[in-house]
Amino acid sequence: MADFQTSTHRSKWIFTPEQLVEKYKAANQQAIEALEKYGVALAKLNDDGSLSYPEIAKENADKHSRPKAVTVEEEQMMRVFYETKLQEVCNNFHFPHKVQATALIYFKRFYLRWSVMQHEPKNIILTCIYAACKIEENHVSAEELGKGISQDHQMILNNELISLEFDLIVYAPYRSIEGFIQDMEDFCGLKDEQLPMLQNLRDAAKMDVDKIMLTDTPLMFPPGQLALAALRSANQVHRVVDFDRYLGSMVSRKSSAHTISELVESLNAIDFWVSRYKFPSDKEILHINRKLKSCWGQSSRDESKKRDKKSKHKSKKSSNGAQPVNLPV
């Protein structure tokens, strides 16, 4: 695999907090403009990269009232909610960490450009998982993935074009953790009977990475620093190594581009972002979902379906519509 230092991950997908704020605002504003113009914001990505909107948009566009747009803050809550769902789907399929991490990064990159008002997150997480499985050579068919969560696999394939919008090779902290653990083994000079302590540290650090991956830090810091932050956090519990001394040794031995103070500052910043992580409440999600359905024009489509059923005189038994997809909780 290519080196991170020369990768597009480093050159194109690491941002400052201020840059992320601007990108999220721009995506939100893009959706608001579509909402004002078409009456709905839900978009379909065509083969040529252009967007098209549902037929219902034409009749909504002439109406006085417009659906209330989701705010930037509410979009962030929905991303947090669905990133957790993405992890749960991967766990249910027993996918390796690298697939889960790659899918999460794809999902984060996608919503740097688009708003949740324009593309339904429940569909995007599945396409991101499918694309991650392909790039990480963990082969699973769209049919298998769709069947496992009771969803039409064609939707996954239809959205696969989104994976071409950003660079597919990504770097995750899990691999870096393995490298640091091997380095710590040499640094500490541990005896064979002490190695299980280091393995416990590794396992705990991977759990901390799972938490880190749910924040925006993968878009702000290189995977090596994310791994070190996780190892430092885990070591505060397991007390396996003198972490400050290890960092000093590592910086001097590996000709780091950062000073020890700069590195510690980055690790502290990662800890800060993790401490700010908050999972939205059920009440918040229900409120935002109601707004999103209005932005997606789903209420109007539901009414259209009801009228169609009435016109065809369908019985109650035959008029049961498709149920919304329930992702694993």
Side-chain angles (χ1 to χ4, degrees), residues 1-28 30 72 75-76 79-80 82-83 86-87 97-116 124-125 128 131-132 135-136 162-180 183 205-206 208-233 247 250-251 254-277:
M1 180 177 283
D3 184 76
F4 173 77
Q5 296 301 322
T6 59
S7 68
T8 55
H9 187 146
R10 179 176 182 270
S11 63
K12 294 171 60 177
W13 297 101
I14 299 293
F15 306 95
T16 66
E18 295 75 20
Q19 288 173 325
L20 288 182
V21 168
E22 289 305 311
K23 286 182 175 294
Y24 290 139
K25 285 182 178 178
N28 183 262
Q30 176 180 257
V72 173
E75 291 216 45
Q76 191 268 340
R79 291 196 303 272
V80 166
Y82 277 101
E83 285 177 5
L86 187 154
Q87 283 190 337
H97 275 111
K98 63 180 182 179
V99 169
Q100 176 179 291
T102 298
L104 273 171
I105 292 174
Y106 287 172
F107 184 83
K108 291 175 186 293
R109 290 180 179 182
F110 181 80
Y111 283 109
L112 284 178
R113 177 177 176 184
W114 303 106
S115 163
V116 297
I124 300 305
I125 65 170
C128 288
I135 200 67
E136 297 295 349
I162 69 166
S163 65
L164 302 178
E165 295 187 353
F166 37 72
D167 305 284
L168 296 178
I169 301 299
V170 303
Y171 293 78
Y174 299 101
R175 187 179 181 187
S176 297
I177 283 178
E178 298 293 345
F180 286 129
D183 190 51
K206 286 185 176 181
D208 280 330
V209 167
D210 287 345
K211 299 174 185 176
I212 288 173
M213 292 299 295
L214 294 175
T215 70
D216 275 342
T217 55
L219 296 170
M220 294 188 282
F221 299 92
Q225 291 182 4
L226 299 177
L228 282 172
L231 283 164
R232 186 176 71 165
S233 176
L247 283 182
M250 185 194 69
V251 168
K254 296 183 179 296
S255 301
S256 173
H258 303 280
T259 65
I260 184 65
S261 60
E262 289 172 336
L263 182 57
V264 169
E265 183 179 353
S266 292
L267 302 190
N268 290 342
I270 294 168
D271 289 346
F272 169 74
W273 285 100
V274 172
S275 71
R276 286 186 57 185
Y277 176 82

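As the structure is a prediction and not an experimental result, all values here were calculated from the model. One-based numbering along the sequence shown.
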- Query: Heavy-atom count around E265 CD within 6.0 Å, excluding the residue itself: above 12?
  - Reply: no
- Message: What I'd like to find out is whether the side chain of K23 reaches to under 4.5 Å of the side chain of F15, using heavy atoms alone.
- Response: yes
- Item | Worked verdict on L263 versus M250 for side chain to side chain contact (heavy atoms under 4.5 Å, CB included) | CA-CA 11 Å; L263 182 57; M250 185 194 69; 3.8 Å; yes
- Query: What closest approach, in Å, do A101 and M213 show between heavy atoms, and which atom pair accounts for it?
  - Reply: O-CE, 3.9 Å
Could you list the donor-acceptor pairs under 3.5 angstrom formed by side chains in residues 226-233, with sequence neighbours left out?
residue	atom	partner	partner atom	Å
R232	NH1	N268	OD1	3.2
R232	NH2	N268	OD1	2.8
R232	NH2	D271	OD2	2.7
S233	OG	D208	OD2	3.4

- Message: Side chains of K12 and R109, heavy atoms from C-beta outward: is any pair under 4.5 Å?
- Response: no
- Item | Side chains of W273 and P17 in contact at under 4.5 Å (non-hydrogen atoms) | yes
- Query: Is R79 positioned over the aromatic face of Y24, cation under 6.0 angstrom from the ring centre and no more than 45 degrees off axis?
  - Reply: yes
- Approximate separation, where rounding is to 0.5 Å, of Y174 OH and K206 NZ: 9.0 Å
- Hey, could you give me the CZ/OG1 distance between F221 and T215, rounded to the nearest 0.5 Å? 9.0 Å
- Item | Y171 versus S7, closest heavy-atom pair with distance | CE1-CB, 3.5 Å
- Task: Report yes if some heavy atom in the side chain of D210 is under 4.5 Å from a heavy atom in the side chain of Q100; otherwise report no.
- Result: yes
- Message: Testing the basics here: between I14 and Q19, what is the closest heavy-atom pair and its distance to 0.1 Å?
- Response: O-OE1, 4.4 Å
- Query: When rounded to the nearest 0.5 angstrom, what is the spacing between CD1 in I125 and OH in Y82?
  - Reply: 7.5 Å
- Task: Answer with yes or no after comparing the ring centroid distance for F107 and Y111 against a 6.0 Å cut-off, counting only values under it.
- Result: yes
- Can you check side chain to side chain contact (heavy atoms under 4.5 Å, CB included) on K108 and W13, steps first, answer last? CA-CA 10 Å; K108 291 175 186 293; W13 297 101; over 6 Å; no
- Query: Hey, are the side chains of L112 and L20 touching, using non-hydrogen atoms and a 4.5 Å cut-off?
  - Reply: yes
- Item | Gap separating the CG atom of D3 from the CZ atom of R10, nearest 0.5 angstrom | 9.0 Å
- Note on the structure: Interatomic distance, CG@L214 vs CD@Q87, rounded to 0.5 Å, equals 4.0 Å
- So CD1 of I169 and CD1 of I135: to nearest 0.5 Å the spacing works out to 4.0 Å
- Cationic N near anionic O, under 4.0 Å, E75 to K25: no
